Amino acid sequence: MDINRYSPSYGITSKHMTKLADFSTEELFELLYATKAMKAKFLAHDNTRILNDVTVALLFADTSLRMRSALEIGIRQLGGMCVNLPYSQDDMQAGENIKDIVNVISRYGVGALVTRDISQNELDEFCAVSSIPIINSNNGYFNPLQALCDLYTIWEKKGKLEGLKLAYVGKGTNLAASLIMGAIKCGMEVAVATPHEYGIRHEHLTHAEQYGKINLTDNPAEAVRDADIVYTDNYDYHAVPSDEECEILKPYQVNNALMSMANHNAVFMHPLPASRGLEVTEEVIDGKSSLVLEQGENRLHTIKAVLALLVK
C-alpha cells in the first residue's frame with residue numbers, strides 16, 4: 001500500500017501502543033500523517049494544545065535523555081501536564097498490584113501512562129486492566145516510538161516508503177525488531193545482517209515475515225547492496241561491550257566502504273546514543289548522508305502524534 005495514496009482520517013482504533021505488531025498498515029499511516037501534521041503545526045507556531053490540561057504519567061525503570069526530554073516537552077506543547085511516577089522492582093516483587101496502580105492513577109485524572117524498561121509481560125497486564133492508554137517508550141523487546149519516528153523520517157526524506165530497501169546491520173536489538181515490523185507493514189523491502197550470536201529474536205522475525213519477506217544474512221555487504229537506508233544501533237546503551245562482543249560485531253561496523261555498496265543517494269540512520277568508532281565511524285554518522293539529527297527532531301513530533309490519537 002502506497003502511503004502517498006492514502007487519505008488519513010486522523011483516528012485509530014488501537015487503545016494502547018506497546019508494539020507495532022498490534023497496528024495495521026492503515027493505523028501506521030494514520031500515525032505517520034499525524035506526525036506530519038504535528039511537525040507542520042510546530043514549524044508554523046500553530047496552537048496544538050489539544051490535551052487540555054490532561055496529565056500524562058511517566059513510569060520509567062530506566063534512565064533516558066532524548067526520549068524523556070521529547071516526552072516532557074511534547075506533552076507541554078500539547079497543553080498537557082507531566083508527572084514522574086516512582087518505580088521500584090522491589091515494590092513490584094513485594095506485591096504492588098498492576099491493576100491497582102492503573103485504576104488509582106486514572107482516578108487522579110491521568111490520561112495516559114508512558115513506560116520505559118517495563119517487561120512486556122507486565123505491559124500486557126497493564127493493558128488488560130487499564131482504562132487509559134499504555135504507551136511503551138522502550139523495553140527489552142520493543143521500541144515502537146523510535147521505529148515510528150524513523151519511518152516518518154524516511155518518508156519525509158525519500159518522499160515514499162513502498163519499494164524502498166532498508167538494510168539493518170549490526171546487533172539485533174529491540175529497535176531492530178520494531179523497525180523491521182513497521183517497515184514491512186509499510187511496503188518496504190527489508191534486509192538484515194546480524195551475527196548469529198547477536199541476532200534478532202526468532203519469534204520477532206517469524207512474526208514480521210507474516211507480512212513480507214526478510215532477507216536474512218550474516219554478510220553486511222549482501223544486506224547493504226542497493227539499499228536506500230542503512231541502519232544500525234548501539235551495541236549496549238548502559239554497558240561497555242566486552243572485547244569478545246566488539247570482535248564479533250567488528251565486521252558489521254557501518255563505515256564509508258560499507259555505505260559505498262548502498263545506492264548512491266542512500267541515507268544512514270541511528271537512534272542515538274552512538275558509540276563512534278564501534279558500530280559506526282565518525283565519518284558516516286557525522287557525514288552528509290546521516291539523518292540522526294532529523295531522527296532526534298522528529299521524535300518530538302511522533303510522540304505528540306501518538307498522544308493526540310490515543311488520548312481521548
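All figures in this text were calculated on a predicted structure; none of them were measured in a lab.
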Novice: Would you kindly say whether Thr13 and Glu27 are connected by a side-chain donor-acceptor distance under 3.5 Å?
Specialist: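 Yes, because at least one side-chain N or O of Thr13 sits under 3.5 Å from a partner of the opposite role on Glu27.
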Novice: Among Thr35, Thr302, Asn298, exactly one meets side-chain hydrogen bond (donor to acceptor under 3.5 Å, both in side chains) together with Thr153. Which residue is that?
Specialist: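 So, applying the side-chain hydrogen bond (donor to acceptor under 3.5 Å, both in side chains) to Thr153 and each of Thr35, Thr302, Asn298, only Asn298 qualifies.
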Novice: Using 4.0 Å as the upper bound for N to carboxylate O, is an ion pair formed by Lys99 and Glu125?
Specialist: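 Judged by the 4.0 Å cut-off on N to carboxylate O distance, Glu125 and Lys99 do not form a salt bridge.
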Novice: Using 30° and 60° as the class limits, which term best fits the ring planes of Trp155 and Tyr152: parallel, tilted or perpendicular?
Specialist: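 It falls in the perpendicular class, over 60°.
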Novice: Return the NZ to CG distance between Lys160 and Asn4, rounded to the nearest 0.5 Å.
Specialist: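 Reported value, rounded in 0.5 Å steps: 9.5 Å.
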Novice: Please tell me if the side chains of Met181 and His207 come closer than 4.5 Å, counting only heavy atoms from C-beta onward.
Specialist: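 Result yes, sub-4.5 Å side-chain heavy-atom pair found.
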Novice: Are Phe142 and His204 close enough, and set up right, to give a ring-ring contact (aromatic ring centres under 6.0 Å, His included), and what steps lead you there?
Specialist: CA-CA 10 Å; Phe142 303 107; His204 295 167; 4.7 Å; yes
Novice: Do Gln253 and Thr281 have side-chain N/O donor and acceptor atoms under 3.5 Å apart?
Specialist: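 Short answer, no.
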Novice: How far does CE of Met81 sit from CG of Asn52, to the nearest 0.5 angstrom?
Specialist: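 Separation between the atoms: 10.5 Å.
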Novice: Examine distances only and state if a side-chain atom of Glu162 and a backbone atom of Met1 form a donor-acceptor pair shorter than 3.5 Å.
Specialist: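 Side chain of Glu162 to backbone of Met1, a donor-acceptor pair under 3.5 Å: yes, one is there.
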Novice: Quick check: are there more than 12 heavy atoms from other residues, nucleotides or ligands sitting under 6.0 Å from CD of Glu244?
Specialist: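 Not more than 12 within 6.0 Å, no.
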Novice: Of Val114, Leu58, Asn138, Leu145, which is the lone residue that meets side-chain contact (heavy atoms from CB on, under 4.5 Å) with Met67?
Specialist: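 Exactly one candidate clears the test, Leu145.
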Novice: Looking at side-chain heavy atoms only, is the closest gap between Phe60 and Asn84 below 4.5 Å?
Specialist: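 No. Closest side-chain heavy atoms not under 4.5 Å.
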Novice: Quick one: do the Asp228 and Asn263 side chains pair a donor with an acceptor below 3.5 Å?
Specialist: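 Checked: Asp228/Asn263 side chains pair up, N/O donor to acceptor below 3.5 Å.
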Novice: Determine whether Tyr33 and Ile3 make a side-chain contact, defined as any pair of heavy atoms from C-beta on separated by less than 4.5 Å.
Specialist: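 Side chain of Tyr33 against side chain of Ile3, heavy atoms only: contact under 4.5 Å found.
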Novice: Does a salt bridge link Lys39 with Glu297, judged by any charged N lying under 4.0 Å from a carboxylate O?
Specialist: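 Between Glu297 and Lys39 there is a salt bridge, with a charged N closer than 4.0 Å to a carboxylate O.
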